[in-house]
Amino acid sequence: MYDHMVFFKFNDSLTAEKEEELLGKLKAFKGVIPGIVELTAGVNVTEEKERGQGYTLGLRVTFEDEEALKQYGPHPVHQDFVKSLKGVIEDVIVVDYPIS
């Protein structure tokens with residue numbers, strides 16, 4: 001299995017409504033994109049704001065194997081999400097690693 005973690009930093013044009021829309025889209029990946037074993041997504045609630053460095057939304061997806069992880073990126077539902085970030089995203093951190 002593989003874990004895929006993503007942390008999003010948004011610019012000042014992000015509204016609360018847009019953030020909820022994005023969170024809903026992330027949560028909808030499971031059951032639609034093949035190979036997802038588990039998915040969690042949420043708003044960063046850390047009290048260590050300086051350590052959060054402005055990253056306010058997180059995603060963790062566990063894939064059944066490396067091939068499922070590779071197929072995730074180009075999947076149309078994922079690509080639709082990526083397009084919905086236009087105009088509101090400042091930075092993204094992505095970490096992928098195998099788990100046993």
Side-chain angles (χ1 to χ4, degrees):
M1 288 194 287
Y2 280 77
D3 262 358
H4 171 73
M5 297 188 306
V6 185
F7 305 98
F8 302 90
K9 181 190 284 189
F10 298 102
N11 61 34
D12 293 337
S13 66
L14 181 74
T15 63
E17 294 79 19
K18 180 68 173 179
E19 185 174 54
E20 280 301 313
E21 173 193 327
L22 294 171
L23 186 56
K25 284 185 174 196
L26 289 172
K27 290 180 176 181
F29 287 176
K30 189 170 182 187
V32 177
I33 298 177
I36 294 176
V37 175
E38 186 177 351
L39 182 147
T40 61
V43 175
N44 185 359
V45 296
T46 186
E47 292 180 4
E48 300 180 49
K49 296 297 182 189
E50 67 282 351
R51 296 191 75 195
Q53 299 177 358
Y55 290 84
T56 59
L57 195 62
L59 169 71
R60 184 185 58 80
V61 184
T62 302
F63 290 96
E64 60 190 23
D65 56 25
E66 186 177 11
E67 186 58 29
L69 173 61
K70 288 179 181 178
Q71 295 302 314
Y72 163 79
H75 191 280
V77 172
H78 178 259
Q79 287 301 307
D80 177 61
F81 174 78
V82 171
K83 288 177 187 170
S84 69
L85 295 172
K86 186 175 181 179
V88 296
I89 197 73
E90 184 176 317
D91 194 24
V92 178
I93 294 173
V94 179
V95 177
D96 297 327
Y97 57 89
I99 57 174
S100 52

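Quick caveat, the model's predicted, so the values are computed rather than measured.
His75 places a side-chain heavy atom less than 4.5 Å from the side chain of Pro34. Looking at heavy atoms from C-beta onward, Asp65 lies out of side-chain contact with Met1 at the 4.5 angstrom threshold.
Leu23 and Ile33 fall within a single hydrophobic cluster, where Ile, Leu, Val, Met, Phe, Trp and Tyr side chains are chained together by heavy-atom contacts under 4.5 Å. At a threshold of 4.5 Å between side-chain heavy atoms, the hydrophobic network of Ile, Leu, Val, Met, Phe, Trp and Tyr places Tyr55 and Phe81 in two separate groups. Linking Ile, Leu, Val, Met, Phe, Trp and Tyr residues whenever their side-chain heavy atoms come within less than 4.5 Å places Val32 and Phe29 in a single cluster. Hydrophobic clustering keeps Ile99 apart from Ile36 (ILVMFWY residues linked when any side-chain heavy atoms are closer than 4.5 Å, directly or through intermediates). Tracing side-chain contacts under 4.5 Å through hydrophobic residues (I, L, V, M, F, W, Y), one reaches Leu39 starting from Leu69; they form part of the same cluster.
When the options Leu14, Val6, Leu26, Asn44 are evaluated for a side-chain contact (heavy atoms from CB on, under 4.5 Å) with Leu57, the one that passes is Leu26.
Minimum interatomic distance between Gly35 and Ala68 (heavy atoms only, all atoms of both residues): CA-CB, 3.8 Å.
Side chain of Lys9 to backbone of Ile89: no donor-acceptor contact under 3.5 angstrom is found. When atom types are taken as modelled, the side chain of His78 and the backbone of Gly73 share a donor-acceptor pair closer than 3.5 angstrom. Judged by distance alone, the side chain of Lys18 and the main-chain N or O of Ser84 form a donor-acceptor pair under 3.5 Å.
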**Message:** Is there a side chain to side chain contact (heavy atoms under 4.5 Å, CB included) between Met5 and Tyr97? Walk through the geometry before answering.
**Reply:** CA-CA 9 Å; Met5 297 188 306; Tyr97 57 89; 3.7 Å; yes

**Prompt:** Which is it for Phe63 and Tyr72 under the ring-ring contact (aromatic ring centres under 6.0 Å, His included) test, yes or no, and what are the steps along the way?
**Reply:** CA-CA 9 Å; Phe63 290 96; Tyr72 163 79; 5.0 Å; yes

**Request:** Step by step, work out the side chain to side chain contact (heavy atoms under 4.5 Å, CB included) result for Glu19 and Thr56.
**Result:** CA-CA 9 Å; Glu19 185 174 54; Thr56 59; 3.7 Å; yes

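Using a 4.0 Å cut-off between a side-chain N of Lys or Arg and a carboxylate O of Asp or Glu, Glu38 and Arg60 qualify as a salt bridge.
With hydrogens and angles left out, the side-chain atoms of Asp3 and Thr62 include a donor and acceptor closer than 3.5 Å.
Interatomic distance, Glu90 CD to Phe10 CZ, rounded to the nearest 0.5 Å: 10.5 Å. Between Asp91 atom CG and Phe8 atom CZ the span is 11.0 Å, to the nearest 0.5 Å. The OG1 atom of Thr15 sits 4.5 Å away from the CD atom of Glu17 when rounded to the nearest 0.5 Å.
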